[in-house]
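Values reported hereafter were calculated over all heavy atoms of this structure, with side chains retained and with hydrogens, waters and symmetry mates removed.
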Number of protein chains: 2
Amino acid sequence: MADRRLTRRLRKKAAAARSKPVDAAVANIDLGLLDGHLGYLVRRLQRWIFNDFIATLAPLGLRPAEYSVLLVIEANPGLTQISVANTLGIERARLVHIIDSLQGRDYVLRVASKTDRRSHALVLTNRGRSALKDIKALAAAHEKHLIERLGAERHGTLLKLLASFAYG
Amino acid sequence: MADRRLTRRLRKKAAAARSKPVDAAVANIDLGLLDGHLGYLVRRLQRWIFNDFIATLAPLGLRPAEYSVLLVIEANPGLTQISVANTLGIERARLVHIIDSLQGRDYVLRVASKTDRRSHALVLTNRGRSALKDIKALAAAHEKHLIERLGAERHGTLLKLLASFAYG
DNA sequence: TATTGTTATACTCTATAACTATA
DNA sequence: TATAGTTATAGAGTATAACAATA
C-alpha cells in the first residue's frame, strides 16, 4: 500500500523542481572545468528524470529498475533472469530482489524452465498485465513532464543521439 | 594508497566496455516501451561514464562527486559547505563526509569564516592544488575515452543540449 | 526563529564472493 | 568445469530527522 502523504510530498517536490534551473546558474557560482565534462551534465539530467519518475509513480510505489524489468518481461515472456539482467545492465544478484518484490505484488511469476532446470522463465501474471496499464499511464505522464522541461525538439534529438550510443 | 591490482582490473574492465554496445542490441531482446523513455538511455550513458571515470582515476582513488567538489572549491575559494552542496545538488549531510575525506588526504581545508561563525570557508591546500594537476590529466583522459566512444560531434551536441537543460 | 554543520538512520544501487543445483 | 539462481557483505549515494552553535 502506497503512503498517500509520501505521494503528495514527492509530487509537490517534483512539481517545484520541474521548472527550476540548477542552483549554480542562479547563484552565479563557477563550476570550473566541470561544465566541460559531459558526465556531470548527464548525471544532473539523470537525477532529475529519476526523481520525477519516482514522484510520478509514487501512488504505485514502483521504481525505475522495477519498471524496466516489467517492460522487458512483457515484451519477451519466458526470458530467464540472467537474460533480463544482461539486457538491462543489472547485476543478477540484484535482479533476484527485484523479481522477489514483483512476485510479492503478484505482478510476475517464476515458471520452471522445461529445457534447463537451473533457470526460471519469467512471465507476467494477469494482475501484472492489468497493473501495467496504470503503470504505463503514469510513466507516460512522467515522460510528458520531461518533454515539457526539455522541449519536444531537444527531447527527440536526445532520444536519437543516446539510442545510437546504446545500440550503435 | 591505491590498490594497484584493483586499478589494473578496473582499467581492463573499462577498456573492454568502452567499445561494446549493450547486450540487448547483441542478443536481439526487445526492450518494449523502454526505448521511448529518455531516462533509460540517460541512465545507461551515465553508468558508462561513471564506470570509465572511476576506472581511469583509480590510481588516485577519486570518485566523481569528490572530483566535482574539488573543481568547485578551486574555482570559488572560500565557498561554504552549504553553497558547494547546493551548487552540485549534493545533500549537505553527505557533503560533510566528502569534505572529511578530502581533508583527510590534505587536499582541502576548513577555515573559520570571519563573517559567520556557523560556517566554514573551504580552500585547497598546496598539496590539493598540486594533486589537482594529476587529477585533471586523468579526468581529461576519461573525457577522451568518452569522445572516442560517442564521436566528437555527438559529444559536442550533447554538451550543448544538456548545458541548456541545466542552466536554461 | 532560521541556518550551518554535524551525527545518525534507512533505503537503493553497485560490486563481489561464495554456495547449490544443475548443465 | 561452467552456468543460473541465490545469499551475504561492503561501499556509494539519496533522503530525512534531530541536535548544537550561531545568526
Want to settle it: does A/S119 or A/H97 sit nearer the 5' end of DNA chain D, counting the closest nucleotide to each?
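Upstream on the strand: A/S119.
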Residue [X], side-chain heavy atoms: nucleotide from [options] that is nearest:
{"X": "A/T80", "options": "D/dA12, C/dA23, D/dG5", "answer": "D/dG5"}
{"X": "B/I82", "options": "C/dT22, D/dA23, C/dT4", "answer": "C/dT4"}
{"X": "B/Q81", "options": "D/dA4, C/dT6, C/dT7", "answer": "C/dT6"}
{"X": "B/R118", "options": "D/dT14, C/dA2, C/dA23", "answer": "C/dA2"}
{"X": "A/E91", "options": "D/dA21, C/dT16, D/dA15", "answer": "C/dT16"}
{"X": "B/R43", "options": "D/dT6, C/dA23, C/dC13", "answer": "C/dC13"}
{"X": "A/A93", "options": "C/dG5, D/dA8, D/dA15", "answer": "D/dA8"}

Taking every non-hydrogen atom, the tightest pair across [X] and [Y]:
{"X": "B/F165", "Y": "A/R154", "value": "N-NH1, 3.2 Å"}
{"X": "A/A85", "Y": "A/E91", "value": "CB-C, 4.4 Å"}
{"X": "A/G39", "Y": "B/F50", "value": "O-CE1, 4.0 Å"}
{"X": "B/L71", "Y": "A/L31", "value": "CB-O, 4.1 Å"}

Take atom [atom1] of [X] and atom [atom2] of [N], then tell me their distance rounded to the nearest Å.
{"X": "B/E66", "N": "D/dG11", "atom1": "CD", "atom2": "C1'", "value": "12 Å"}
{"X": "A/L95", "N": "C/dA15", "atom1": "CG", "atom2": "P", "value": "15 Å"}
{"X": "B/I90", "N": "D/dG13", "atom1": "CD1", "atom2": "P", "value": "9 Å"}
{"X": "B/L122", "N": "C/dG5", "atom1": "CG", "atom2": "P", "value": "7 Å"}
{"X": "A/D116", "N": "C/dA21", "atom1": "CG", "atom2": "P", "value": "15 Å"}
{"X": "B/Q103", "N": "C/dT6", "atom1": "CD", "atom2": "C1'", "value": "14 Å"}
{"X": "A/Q46", "N": "D/dT14", "atom1": "CD", "atom2": "P", "value": "9 Å"}
{"X": "A/W48", "N": "D/dT14", "atom1": "CH2", "atom2": "C1'", "value": "18 Å"}

Look at all strands and tell whether A/S113 reaches a base, only sugar-phosphate, or nothing, counting heavy atoms closer than 4.0 Å.
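Nothing, no nucleic acid heavy atom in range.
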Select base, sugar-phosphate, or nothing to describe what A/R117 touches, counting heavy atoms under 4.0 Å on all strands.
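It contacts sugar-phosphate atoms only.
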Would you say B/I98 and B/V84 make side-chain contact, with heavy atoms under 4.5 Å?
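B/I98 does not reach B/V84 side chain to side chain.
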Does the side chain of B/T157 reach to within under 4.5 Å of the side chain of B/K160, using non-hydrogen atoms?
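In short, these two side chains do not touch, never coming nearer than 4.5 Å.
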Determine to 10° how strongly the helix from C/dT1-D/dA23 to C/dA23-D/dT1 is bent, judged from the axes of its five-pair ends.
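The helix from C/dT1-D/dA23 to C/dA23-D/dT1 shows an end-to-end axis angle of 0°.
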hbond_proxy B/R92 side chain to C/dG5 base (donor-acceptor, 3.5 Å cutoff)
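Indeed, a donor on one side and an acceptor on the other fall under 3.5 Å apart.
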Side-chain N or O of [X] less than 4.0 angstrom from OP1 or OP2 on [N]?
{"X": "B/R47", "N": "C/dA15", "answer": "yes"}
{"X": "A/R110", "N": "D/dT6", "answer": "yes"}
{"X": "A/N51", "N": "D/dT14", "answer": "no"}

Electrostatic pair A/D100:A/R110 at N-O distance under 4.0 angstrom
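Salt bridge flag = yes for A/R110 with A/D100.
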Is a donor from one side chain sitting under 3.5 angstrom from an acceptor on the other, for A/R43 and B/S68?
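No, no side-chain donor-acceptor pair sits under 3.5 Å.
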